[in-house]
Structure formats: C-alpha cells, structure tokens
Amino acid sequence: HFLLFTSYFFPMALFTRTPLSGAPLGGPIRYAVAGSEPQTFDLRLYEADTRTPLGARRFAGVAAFECDVAPLLRRAVRFTPTTGPTGLREATGRTIAVVAEAAGSVDAPVAASARTFLPTARATEAPALLGPMPRERLLAPGECDELTLLHDGALVVTVVATGGGAECVRTYRTATGGLSLFRLAADDFPGAERIEVDAGACGRVGYTLLPAPEGSQRLAWRTAEGSIEHYTFPTVVCETLTVAKRRARGAEGHMAVATGRERRLHLRSACEGRAATEALAGLLEACEAWSCAGEEYRPVDIVTDRATLHRHGALGTLEVEIRFTREEPLPWS
C-alpha cells in the first residue's frame, strides 16, 4: 500500500528506449523518455564508476522525448598509445561506461542501467581483432606494435618467436572480457626473425623482422575501427622548414626577428597491395596521429587531404605530408 501511495503522489518518468551495451560511438546512441504530462526534462549523463558528468540536455514543455547522446560521449574518449614491454593492457579511456538519468519538473528522477560503448564507427561483435591493417606485417628491431582485441571472457595471447634455429614461446592472460590492448615490443625477443601472435578466436597476426631503412619514419594513428595502428614509411621524400618572421625598420635599416617555425616531412610508403594501401589511407582522416621513436610518441598533424590509392597495373604507394603540432623552441640568438 505504501508503494501505491507514493507512486500516486510522485509520478515517475520512464525510459522507453536505451541503447545496447557495446554500441558504437560512431553511430547514433539514443535514449527515449516518457513522462506523465508535458513538463521540462533534464537528461544527464555520468561516467558509471566515478560519476563524472559527461553532458546534459534539456527539453521544455514535452511529455516525451528522444535524444542522440553520441556527440556528447565522443569527446570523452581518450586514445593514448601504449608503452613499455610486451604484454596485455587495459584499454583505459577508449571505452566509456555511461549512466543516464532523467529528471522532470513534475515527475521524479529515473535512471537507466549502465551501458558501455565502443570507440568504433560500426557495430562489432566479439571476438574480434579491431583495425584495418593486414595480418602479415613488418617489424624492425626497436619498434613496437599494438593490437586491439575485443573479447567476451578470459583471453589468452600466445607469442611464438623464432630465429637462428631457436624458438621462444610466451603466454599472456587476462581474466575479464571487454576491450584489451596487446603491445608487442620487438626488442623483447632478441634474435627473432619471425614472431607469431595468436589471440585465439580474436585472430592471429604474423610479423617478419627486418631492419628499418635508414632515415625511415614510423607513424601511429587512431582508426575508425577503434584501434591505434603503426606503419613505418621507408622513404622521407623531403623535409622542409618554414620560419615566421617579424620585421621592422629602424635607424640602422631593416631588422627581422624569428617568431616561430614549422617543420614538415613528406613521406612515401613502400609498394603495397590494395588492402594495405586502403588501410594506410585512414591516415588522411585520422583525428589523432603520432610520430614514433622508441617509447616516444609526438603528436603530428596529417596535412595531406588527397592521395592516389590505386594505379592500374602497378602496386600502390601512399604519400603523406606531416607537421609536428608542438612548436619547436627557437634559439635565443
């Protein structure tokens, strides 16, 4: 009787639509709420574990509403390349667990169950290896690669390194499902000529170890598939430096003072097949990219906005121009 009494005097709103857990942030993520009468509603989104506010929307004079919250959640995702030795890592910042609450000016507040969303453009079912790069790759001593693994439950990753007639087998495990990152550091397997990474149902990736060409440039970038991919461009076609100057004229004539400088690299890929060239083309639309040198990742801007992906009768190469986003310090003199 008490429950009937309170519900009569304190009407509650109701979530009539909630997204599925695992929905892609690249698509619409809709919540719908219905109330007892037209009123003002506030829809608030919180991070499930910390209760950090993620965004809010207000709807005035409505008895029901529907809202796509994906634009509010996308800006909360953070992609940071992994560092350190070979092993499994949590995908911290790349997924987001959300609790939605709706409060009306008449109806009592109501909350929806927590949902976890993936930083992908399209829906993806586990188990899966996220990312567009081919399963056969090159890796040089001193370089690292990162695999993004989506799995339902416990995951076992087996690494087999062979070279010089010897074989090294290592196993890495995680007990929980979700999105995991596997970092492979070539220097953790000295003398290896071939490395096989077997992530079970998620897939297998093979690496052939070869020295990187002198003067090559390795890049990493965030993909629409929800991964960070790496590739070594063997050729630096040219490097340019542009200096901004402020000029003045005084009694002793003209004087110039450098106020800033920008360095650009024009890179060319190796001759690749169609699938690899298409994967590299994701660099042009990547919202984040980095220049890699060992454990150091420096943010870069992909200046190129057009590239030739295919030419009849020839293997493809991709050319991109990058610039470093952080200003270089100018010498005092």
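None of these values were measured; they are calculated from a predicted model.
Counted by atom type alone, T162 and E167 present zero donor-acceptor pairs between their side chains at under 3.5 Å. A donor-acceptor contact under 3.5 angstrom links the side chains of S36 and D107, judged on distance only.
Contact check for V157 versus L147: no side-chain heavy atoms found under the 4.5 Å cut-off. Using a 4.5 Å heavy-atom threshold, the side chains of R135 and R204 count as separate. Side-chain atoms of L54 and Y46, non-hydrogen and from C-beta on, never get closer than 4.5 Å to each other. Annotation: side chain of V197 is in contact with side chain of L184 (closest heavy-atom distance under 4.5 Å). Under the 4.5 Å side-chain criterion, counting only non-hydrogen atoms from C-beta, L309 is in contact with E278. In this structure the side chain of V237 reaches within 4.5 angstrom of the side chain of T235, judged on heavy atoms.
Residues meeting the ring pair (Phe, Tyr, Trp, His ring centres under 6.0 Å) test with F59, sequence neighbours left out: F65. Residues satisfying the ring pair (Phe, Tyr, Trp, His ring centres under 6.0 Å) test with H266, not counting sequence neighbours, are none. Residues passing the side-chain hydrogen bond (donor to acceptor under 3.5 Å, both in side chains) test with D152: none are found, sequence neighbours excluded. Not counting sequence neighbours, the partners of R323 by the salt bridge (Lys or Arg N to Asp or Glu O under 4.0 Å) test are E262, D301. For the side-chain hydrogen bond (donor to acceptor under 3.5 Å, both in side chains) test, residues two or more places apart in sequence or in another chain that qualify with E143 are R218, T232. With sequence neighbours excluded, the residues forming a ring pair (Phe, Tyr, Trp, His ring centres under 6.0 Å) with Y231 are F233, listed by chain and number. Under the side-chain hydrogen bond (donor to acceptor under 3.5 Å, both in side chains) criterion, T95 pairs with no residue, sequence neighbours left out.
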message: With side chain to side chain contact (heavy atoms under 4.5 Å, CB included) as the criterion, how do L45 and L72 come out once you've worked through the C-alpha distance, each side chain's angles and the decisive distance to 0.1 Å?
response: CA-CA 9 Å; L45 305 173; L72 298 176; 3.9 Å; yes
message: If you apply the rule side chain to side chain contact (heavy atoms under 4.5 Å, CB included), what do you find for T124 with L150, and how did you get there?
response: CA-CA 9 Å; T124 305; L150 181 63; 4.0 Å; yes
- request: With side-chain hydrogen bond (donor to acceptor under 3.5 Å, both in side chains) as the test, would you mind laying out the steps for T277 and E272 before giving the verdict?
  value: CA-CA 6 Å; T277 305; E272 303 284 1; over 6 Å; no
- request: Check step by step if side chain to side chain contact (heavy atoms under 4.5 Å, CB included) holds for V160 and D198.
  value: CA-CA 8 Å; V160 180; D198 185 356; over 6 Å; no
message: The test is side chain to side chain contact (heavy atoms under 4.5 Å, CB included); show your working for T171 and V159 and say whether it passes.
response: CA-CA 6 Å; T171 302; V159 179; over 6 Å; no
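Note on residues 174-203: pairs passing ring pair (Phe, Tyr, Trp, His ring centres under 6.0 Å), not counting sequence neighbours, are Y172-F182. Under the ring pair (Phe, Tyr, Trp, His ring centres under 6.0 Å) criterion, no residue pair touches residues 143-168, with sequence neighbours excluded. Within the structure, no pair that satisfies the ring pair (Phe, Tyr, Trp, His ring centres under 6.0 Å) test touches residues 79-137, not counting sequence neighbours.
Nearest approach of A185 to G84, heavy atoms of both residues: CB-O, 4.3 Å. Looking at every heavy atom in both residues, P132 comes nearest to A279 through O-CB, 3.5 Å. Shortest non-hydrogen contact noted between L129 and T148 is CD1-O, 3.5 Å. Across every non-hydrogen atom of A13 and V33, the tightest pair is CB-CG1, 3.9 Å. Minimum heavy-atom separation, P127 to C202: CB-SG, 3.9 Å. In terms of heavy atoms, V62 sits closest to F41 at O-CE1, 3.4 Å.
Here the CG-SG distance, from D145 to C292, works out to 9.5 Å after rounding to the nearest 0.5 Å. Here the straight-line distance linking atom CG of L14 with atom CE of M12 works out to 8.5 Å at 0.5 Å rounding. Residue L280 holds its CG atom at 9.5 Å from CG of L219, rounded to the nearest 0.5 Å. Rounding to the nearest 0.5 angstrom, the gap separating the CZ atom in R58 from the OG1 atom in T40 is 6.5 Å. To the nearest 0.5 Å, the span separating CD on E239 from CZ on R263 amounts to 5.0 Å. With values rounded to the nearest 0.5 angstrom, D188 atom CG is found 3.5 Å from T86 atom OG1.
Put simply, V69 and V99 are part of two different groups of oily side chains (I, L, V, M, F, W, Y) that touch within less than 4.5 Å, one to the next. Residues L43 and I96 share a hydrophobic cluster, clusters being chains of Ile/Leu/Val/Met/Phe/Trp/Tyr side chains in contact below 4.5 Å. Both V320 and L265 sit in one connected hydrophobic cluster of ILVMFWY residues. Membership requires side-chain heavy atoms under 4.5 Å apart, directly or through other members.
The backbone N or O of T92 sits nowhere less than 3.5 Å from a side-chain atom of E90 that would complete a donor-acceptor pair. Q39 contributes a side-chain N or O that, together with a main-chain N or O of V106, makes up a donor-acceptor pair within less than 3.5 Å. Not one N or O on the side chain of S180 forms a donor-acceptor pair closer than 3.5 Å with the backbone of L149. Formation of a donor-acceptor pair under 3.5 Å by the R89 side chain with backbone atoms of G87 is found in this model. Put simply, the side chain of T120 never gets that close to the backbone of G226: no donor and acceptor are under 3.5 Å apart. Side-chain atoms of T116 do not come within 3.5 Å of backbone N or O of A97 as any donor-acceptor pair. Side chain of E225 to backbone of L130: no donor-acceptor contact under 3.5 angstrom is found. Panel note: side chain R115, backbone A112; no donor-acceptor pair is recorded below 3.5 Å. For the pair R94 (side chain) and L179 (backbone), a donor-acceptor distance under 3.5 Å is absent. The backbone N or O of E66 lies less than 3.5 Å from no partner atom in the side chain of R30, so there is not a single donor-acceptor pair.
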Show every donor-acceptor pair shorter than 3.5 Å between a side-chain atom in residues 282-290 and any protein atom, with sequence neighbours excluded, or say none if there are none.
residue, atom, partner, partner atom, Å
E288, OE1, R222, NH1, 3.1

Counting only pairs under 3.5 Å, give me each side-chain donor-acceptor contact of residues 208-217, with atom names and distances, residues two or more places apart or in other chains.
residue, atom, partner, partner atom, Å
T208, OG1, R194, NH1, 3.1
S216, OG, P213, O, 2.9
Q217, NE2, S291, OG, 2.7

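The existence of a salt bridge linking R183 and E295 is confirmed by a sub-4.0 Å separation between a basic side-chain nitrogen and an acidic carboxylate oxygen.
Of the listed residues (R57, R51, R44), just one forms a salt bridge (Lys or Arg N to Asp or Glu O under 4.0 Å) with E101, and that residue is R51.
Annotation: E125, atom CD; neighbour count of heavy atoms from other residues, nucleotides and ligands within 6.0 Å does not exceed 12.
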